[in-house]
Amino acid sequence: MASGGYQIGIVGCGVAGQAAAVFLAECGHDVTVFERFAEPRPLGAGLLLQPTGLAVLRALRLKEQALSRGGKVLGLEAKTAAGRTVLDLSYSMLHPAAHGLGIRRSVLFDLLHRRLKESPTRLVTGTEIHDVAREHGKAVVVGRDGQRHGPFDLVVVADGAHSMLRQRRMPQAVQRLYDWGCLWTTVPDDAGIGATSLLRQRVRGTREMMGFLPMGDGLLTMYWSLPAAALAPEVPLDLDVMRREGRALWPEAASVISAAVETNDFARATYRNVALPRWNDGPILFIGDAAHGTSPQLGQGANLGLVDGWTLADVLGECPDIPSAIARFAQRRGSTVRFYRQASHLLTPLFQSNVDSFGWLRDAFMGIACRLPITRTIAATTLAGVRTGWLSAAKLDAEGRYRLDP
Ligand SMILES: Cc1cc2nc3c(=O)[nH]c(=O)nc-3n(C[C@H](O)[C@H](O)[C@H](O)COP(=O)(O)OP(=O)(O)OC[C@H]3O[C@@H](n4cnc5c(N)ncnc54)[C@H](O)[C@@H]3O)c2cc1C
């Protein structure tokens with residue numbers, strides 16, 4: 001390693017980029033983060049942090065603040081409109097003290113951003129990066145205005161699921177947009193939906209899905225599935241349909257749905273199934289959704305991005321040079337990320353698609369799978385983010401926490 005650490009550029013001030021920046025800067029590397037927005041900000045409502053993501057927040061010394069500003073989530077429940085159980089999982093299947101955390105994206109963002117600003121990271125905002133070029137074994141980032149920044153020993157691309165840099169540097173990557181996405185928003189929980197501390201979901205076939213994630217402070221994230229075509233920015237939202245269908249699907253949530261429709265503060269989300277042929281192009285490394293975007297069906301994307309950030313700093317500390325650190329990173333992250341990408345991809349059409357028979361299969365078998373000992377453990381470890389592959393999972397420690405050390 002160069003004395004004083006490596007020169008590292010990071011594109012994207014999101015979940016993965018910020019976590020990576022703090023860990024790397026605090027290990028002594030000279031880190032510059034480039035963000036397109038003049039004021040970096042999160043988009044969307046709330047998300048579920050798993051024991052894996054919470055372990056990263058603990059390493060960032062942010063876990064207690066996150067716990068005090070989010071809502072503990074004890075498990076996941078999904079039912080059909082007729083009341084048949086499709087999913088019934090709890091973290092306590094793995095350890096009595098294990099749990100997830102529902103958290104507003106704005107809260108998670110503020111925590112990470114404050115931590116970034118306390119670290120020696122340099123933040124360059126209002127700078128959309130248009131390309132990353134390899135030059136003499138190093139990498140240079142190029143802004144939309146043509147300005148070049150660098151050279152860097154390593155450029156970390158963390159520009160999210162719809163990454164433009166992935167399209168430029170890895171055109172052969174799989175980056176298929178799903179046919180379905182969702183609307184999501186934050187609503188006050190005046191119907192006690194979050195009282196069970198569960199992420200709750202209702203489905204009818206594969207074309208209707210609504211969910212509520214408790215986030216503490218009496219707030220819920222609400223999401224409602226829609227075809228991607230209806231989510232295009234220029235298409236007006238038909239919230240009356242959502243109100244009518246949502247209330248029929250989940251009568252107990254009628255007041256929450258109406259409040260959400262009246263406030264009309266929905267964000268539109270589309271998602272991609274991203275698979276890269278490899279993690280890097282020389283000294284240009286992809287992490288977070290840019291490397292392994294999935295549908296949010298398993299609630300893992302932010303957690304995977306946080307662990308990517310921690311792992312990158314760890315391998316750079318262990319290895320004598322950047323190529324060997326990237327190889328170790330790929331080895332440490334490869335099978336976990338592959339599992340979650342493949343599992344999300346297999347599950348997505350069972351909940352969001354135009355194929356009705358997938359809904360019948362889901363309703364017939366998934367509830368049973370949550371009750372049989374072997375499949376129930378596989379499902380619970382999948383939910384908790386601790387799977388390391390189709391046949392393997394990490395164990396939680398004696399206190400029910402995930403350990404980052406391999
Ligand atoms: C509806 C929905 C629900 C979800 N629920 C969950 C959940 O419950 N749990 C979970 O773990 N995950 C969830 N996710 C996934 C999670 O949001 C993502 O995995 C996570 O945000 C990815 O983080 P990231 O840092 O890779 O990308 P992002 O958070 O998207 O950050 C990318 C950053 O790069 C910046 N950027 C982009 N392009 C450029 C450029 N060219 N130049 C400079 N800057 C650029 C962006 O402005 C942004 O700041 C959900 C996603 C959706 C859509």
Side-chain angles (χ1 to χ4, degrees), residues 9-21 33-54 56 70 73 76 100-105 108-109 112-113 116 123-132 141-144 149 155-169 178 180-185 199 201 209 211 213 215 221-226 228 231 266-272 274 286-309 337 340-341 344 352 383 385:
I10 298 180
V11 183
C13 189
V15 179
Q18 297 201 83
V33 174
F34 299 93
E35 168 59 42
R36 64 181 164 174
F37 290 135
E39 273 297 322
R41 60 176 190 265
L43 300 174
L47 47 78
L48 177 59
L49 289 175
Q50 307 294 353
T52 45
L54 289 172
V56 178
V73 174
L76 164 63
L101 185 76
I103 192 163
R104 274 170 282 163
R105 291 174 87 91
L108 179 63
F109 182 86
L112 290 171
H113 203 56
L116 180 89
L123 177 61
V124 180
T125 55
T127 301
E128 184 167 9
I129 301 303
H130 188 59
D131 201 0
V132 192
V141 303
V142 186
R144 181 164 285 287
H149 306 264
V155 166
V156 179
V157 179
D159 60 346
H162 304 294
S163 167
M164 182 171 62
L165 297 177
R166 181 183 62 229
Q167 285 170 27
R168 291 187 80 85
R169 300 305 312 180
Y178 281 102
W180 287 70
C182 72
L183 287 179
W184 51 334
T185 191
L199 166 55
Q201 202 162 294
M209 178 178 77
L213 168 68
M215 296 186 297
T221 283
M222 168 182 160
Y223 50 90
W224 172 247
S225 177
L226 278 180
L231 292 163
F266 289 96
R268 305 173 188 221
T270 54
Y271 6 100
R272 286 178 190 273
V274 176
F286 290 78
I287 68 166
D289 274 11
H292 45 68
T294 65
S295 86
Q297 222 55 250
L298 289 172
Q300 301 294 331
N303 296 279
L304 290 170
L306 287 166
V307 180
D308 284 353
V337 158
Y340 279 105
R341 193 171 39 70
S344 299
Q352 294 188 284
L383 167 69

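Note that ligands are numbered from 1 as they come in the structure, with each ligand's atoms numbered from 1 the same way. All heavy atoms count here, side chains included; hydrogens, waters and symmetry mates do not. Positions are given from 1 along the sequence.
At least one heavy atom of T127 sits closer than 4.0 Å to an atom of ligand 1. Every heavy atom of G44 sits 4.0 Å or more from the atoms of ligand 1. Using a non-hydrogen distance threshold of 4.0 Å, Y223 does not register as a contact of ligand 1. At a 4.0 Å cut-off, not a single heavy atom of Q50 sits close enough to ligand 1 to count as contact.
Ligand 1 places these atoms under 4.0 Å from at least one heavy atom of F37: 47 (O). Heavy-atom proximity to C182, at under 4.0 Å, picks out these atoms of ligand 1: 1 (C). For ligand 1 and A269, the ligand atoms under 4.0 Å from any heavy atom of the residue are 1 (C), 53 (C). Within the listing of ligand 1, atoms 32 (C), 33 (C), 34 (O) sit less than 4.0 angstrom from a heavy atom of A158. Heavy-atom proximity to G288, at under 4.0 Å, picks out these atoms of ligand 1: 26 (O). Close contacts between ligand 1 and E128 involve ligand atoms 41 (N), 42 (N) [criterion: under 4.0 Å to a heavy atom]. The contact set between ligand 1 and E35, taken as ligand atoms under 4.0 Å from a residue heavy atom, comprises 33 (C), 34 (O), 35 (C), 43 (C), 44 (N), 46 (C), 47 (O), 48 (C), 49 (O). Less than 4.0 angstrom separates some heavy atom of V11 from each of these atoms of ligand 1: 42 (N), 43 (C).
The closest donor-acceptor contact from the side chain of D289 to the backbone of G160 lies at 3.5 Å or more, if one exists at all. Remark: the backbone N or O of S295 is not paired with any side-chain donor or acceptor of Q297 at under 3.5 angstrom. Side-chain N or O atoms of R166 include none that pairs as donor or acceptor with a backbone N or O of A291 at under 3.5 Å. In this structure, the side chain of D159 does not engage the main chain of V11 through any donor-acceptor pair within 3.5 Å.
For atom 9 (N) of ligand 1, the nearest non-hydrogen atom of the protein is L48 O, 3.0 Å. Nearest protein heavy-atom contact of atom 18 (C) of ligand 1 is D289 OD2, 3.2 Å. Given atom 41 (N) of ligand 1, the protein heavy atom at minimum distance is I129 O, 2.9 Å. Among protein heavy atoms, atom 6 (C) of ligand 1 sits closest to L47 CB, 3.6 Å. A302 N, 3.8 Å is the protein heavy atom nearest to atom 16 (C) of ligand 1. For atom 51 (C) of ligand 1, the closest heavy atom belonging to the protein is P296 CB, 4.0 Å. Nearest to atom 39 (C) of ligand 1 among the protein's heavy atoms is D159 CB, 3.7 Å. With hydrogens left out, the protein atom closest to atom 34 (O) of ligand 1 is G12 CA, 3.2 Å, a heavy atom.
Residue V15 places at least one N or O, backbone or side chain, under 3.5 Å from an N or O of ligand 1. No N or O atom of T270 sits closer than 3.5 Å to an N or O atom of ligand 1.
Nearest heavy-atom pair across R268 and L231 is CD-O, 3.2 Å.
Nearest to atom 27 (O) of ligand 1 by heavy-atom distance, out of A16, G14, S225, G160, is G160. Closest heavy-atom approach to atom 17 (O) of ligand 1 within the set R268, R272, R105, R168: this belongs to R105.
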*Would L101 and L54 count as a side-chain contact (heavy atoms from CB on, under 4.5 Å) if you check the C-alpha gap in whole Å, the side-chain angles of each, and the deciding distance to 0.1 Å?*
CA-CA 8 Å; L101 185 76; L54 289 172; 4.1 Å; yes
*Apply the test side-chain contact (heavy atoms from CB on, under 4.5 Å) to residues V15 and L112: give CA-CA distance (whole Å), side-chain angles for both, the deciding distance (0.1 Å), then the verdict.*
CA-CA 8 Å; V15 179; L112 290 171; 4.3 Å; yes
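Side-chain contact between Y271 and C182 is present, with at least one heavy-atom pair separated by less than 4.5 Å. The shortest distance between side-chain heavy atoms of I103 and M215 does not fall below 4.5 Å. V274 is not listed as a side-chain neighbour of T294, based on a closest heavy-atom distance of 4.5 Å or more. Side-chain contact check for T221 versus L47: every heavy-atom pair is 4.5 Å or farther apart.
Looking at M164 against ligand 1, only its side chain comes within 4.0 Å, counting heavy atoms. Contacts between A161 and ligand 1 below 4.0 angstrom, taking non-hydrogen atoms only, are absent altogether.
Under the 3.5 Å distance criterion, with hydrogens and angles disregarded, no donor-acceptor pair is assigned to the side chains of E35 and T125.
Taking the six-membered ring for Trp and the full ring otherwise, Y340 and H292 have centroids separated by 6.0 Å or more.
Between E128 and R144 there is a salt bridge, with a side-chain nitrogen of the basic residue lying less than 4.0 Å from a carboxylate oxygen of the acidic one.
The distance from atom CZ of R341 to atom CG of L304, rounded to the nearest 0.5 Å, is 11.0 Å.
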